[in-house]
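Written below as structure tokens is the structure these notes are about.
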Amino acid sequence: MNLFWLYLNVRRLLSFQRYLHSSRFFHGIPANNPLGYILDDDFTGQAKLMLQKVGNWNFDIFLFDRLTNGNSLVNLTFHLFNTYGLIELFQLDMVKLRRFLVMIQEDYHCQNPYHNAVHAADVTQAMYCYLQEPKLAETLTSCDLLLGLLAAATHDLDHPGVNQPFLIKTDHYLAALYKNSSVLENHHWKSAVGLLRESDLLSHLPTEDRSERLGSLILATDISRQNDYLSEFRTHLDKGDLCLTNGGHRHFILQMALKCADICNPCRPWKLSKQWSEKVTEEFFHQGDIERKHNLEVTPLCDRQSNSVANIQIGFMAYVVEPLFVEWSRFSDTRLSQTMMSHLSLNKQGWNEGRDKQEASSSRASEEQRTPATKDSNSKVLPQGSKGS
Ligand SMILES: [Zn+2]
């Protein structure tokens, strides 16, 4: 690790008066290990190769995160800024940009099974895929691209790993601060604005409505407001009145694209999709465990005693993901949309089969439990009166 990274991290930690926790940037291979360098170079080479295919829908963000030693969000976002020429166009200071991205990555909680920097990197990669779709690529301005990528990278910043109802019922200060409304999303937005200011990345550019637009994109990821966005989207599609030369319409499409990117896990190939499903369930169940421990009402979604990965996924796909992606496919009827819908259908089938097998095996198990009891009721081995009475 060089002094530059050390400087960035120490300054960052000091500026927030945080405990000097062991950053992932301090986990480098020791400098006196020549093999380490060989491996490091090899891994960097593989990561670079992966970035050449960053627009592929089957991009494996988990592998990319391993190859970059846990720095997927920094490397991927920097690469995309570079690919779009945003650094030259907006005269961005590369040191400030790196520093800003490191701050973002570090502000995600790596102990969250799901809402961590890898999820943010995954959403940013998905967002890039959507930005490349013909309708968007032909019409989006550089400002739209900059904001779209920034919003994707920061959309869950400082996520605590629990949901809004949990923050409300535990009287968390964030719930009071944002009046119980889009509590998390408001916090992600305000955190992003704070880091933008701290990094000084865009201070040389006219302010305009950048902060508000960034906020409006991040706030669109509030899943509890999905129906509002969906009905507006449907109305536009029914009327066929979306005109992407109109700034307001382009912004709305960016909102829809970010919403899709945020919940696109079930539309990824099974191998990736399954991992995300397990991670999000782990985070839900962890919340349920805390609720149980503190005698709070256990959120049904978070109850490991009555829920399962398959059940959660089947419901999520049917009521949240599918309705959104059906409309997105109407808007952008491309090969990518067809691929996503086909993965969604296969993954749904996969979880249904999994649930059927699980139900069959648990009914077999309870049958087996009952069967010996019936046999044993006449058995001489069991002492009389050992059951019932
Ligand atoms: Zn998210």
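Excluded from the calculations below are hydrogen atoms, water molecules and symmetry mates; all remaining heavy atoms, backbone and side chain alike, are included. Indexing begins at 1, ligand by ligand and atom by atom, following the structure's order. Nothing fancy with the numbering, it's 1 onward along the sequence. What you are looking at is a predicted structure, and each value in this text was computed from that prediction instead of being measured.
With sequence neighbours excluded, the residues forming a side chain to side chain donor-acceptor pair (under 3.5 Å) with D228 are R225, listed by chain and number.
Excluding water, every protein N/O/S atom under 2.8 Å from the Zn ion (ligand 1) is given here by residue and atom: H119 NE2, H155 NE2, D156 OD2, D262 OD1.
Paired with R268 under the rule side chain to side chain donor-acceptor pair (under 3.5 Å), one option of T339, D122, N347 passes, and it is D122.
Classification of E353 and K357 as a salt-bridged pair fails, no side-chain N sitting under 4.0 Å from a carboxylate O. Salt bridge R292/D303: present, at least one basic N to carboxylate O contact under 4.0 Å.
Dense packing is recorded around CZ of R330, with more than 12 heavy atoms of other residues, nucleotides or ligands lying under 6.0 Å away.
Across all non-hydrogen atoms, the minimal contact from Y128 to G55 is CE2-CA, 3.7 Å.
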